[in-house]
Amino acid sequence: MRKRVLILSTIAVSLFVLGGCKKETEVTVQSGSNDTTEIATEATEAPQTQEAPSNEGTYTYEDSSASLEITVSGSAWTGKTVIKSGFGAENDAANAEYQNGIVKGTDLYDDSGYAKIGYVNGSSLTTSMGGNRVTLRK
C-alpha cells in the first residue's frame, strides 16, 4: 500500500510541475483492517514563466574622461559619445559624436551590419571605448 501511495504522490507532483490544470489523486489510507480510498480533485494553475527583461531602452556610462549613452529601439541603436576635454561641458557637448547601427538578437553591429561592436542583455550593454571594455547600465 505504501508503494502505491508513493507512486500516486510522485505522479501528482509530476502533474503539478508540468502545469496540469486539474489533477486527481487517489489516496489509500490503511487503518487496522479497514482500507478507505479517497479521491481528491484540486485545481492548480500553470506555473508562471518569468519574461526576460526587454533590451529596449537607454543605457548610460560615465567616468572622468567620457560619457556614453546608447538607446536600443527594435532592431536599431543610436549612440552619443562625449569626450570630457576639461574646457567645460558646453565645449564637450559641441564636440559630441553620434553613432547608429543595427541590433540582431542581443548583438549590436555598426551601421554596415558586419562589424559587431557589443551586446545587450536587458539590464546592461557591453561595448568598447578606446580599446577598453565598458558596461552601460539602464
Would you name the heavy atoms of T135 and S124 that are closest together and state the gap between them?
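Here T135 and S124 meet closest at CG2-CB, 3.7 Å.
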
What heavy-atom pair brings G122 and N55 nearest, and what distance separates the two atoms?
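Distance-wise, the nearest heavy atoms are N-OD1, 2.9 Å.
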
Does any non-hydrogen side-chain atom of [Y] lie less than 4.5 Å from one of [X]?
X    : Y    : result
T60  : E62  : no
E69  : Y61  : no
T127 : L136 : yes
T81  : Q99  : yes

Hphob cluster co-occupancy, [X] + [Y], side-chain heavy atoms under 4.5 angstrom:
X    : Y    : value
W77  : V134 : yes
V120 : Y109 : no
M129 : L108 : yes
V82  : Y59  : no

Salt bridge or not between D92 and K84? Use side-chain N to carboxylate O under 4.0 Å.
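So D92 does not pair with K84 through a salt bridge.
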
Take a 6.0 Å sphere around NZ of K138 and say whether it holds more than 12 heavy atoms from other residues, nucleotides or ligands.
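Above 12, so yes.
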
To the nearest 0.5 Å, tell me how far D110 CG sits from I102 CD1.
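Those atoms lie 7.5 Å apart.
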
How far does OG of S75 sit from NZ of K104, to the nearest 0.5 angstrom?
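The OG atom of S75 sits 10.5 Å away from the NZ atom of K104.
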
Side-chain (N95) to main-chain (N91) donor-acceptor, under 3.5 angstrom
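Yes, N95 side chain to N91 backbone: donor-acceptor pair under 3.5 Å.
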
Please assess K80 against L68 for the test side-chain contact (heavy atoms from CB on, under 4.5 Å), listing each intermediate value before the final yes or no.
CA-CA 6 Å; K80 176 182 174 182; L68 282 83; over 6 Å; no

Side chains of [Y] and [X]: any donor to acceptor distance under 3.5 Å?
X    : Y    : value
N121 : Y119 : no
T58  : T71  : yes
T78  : N100 : no

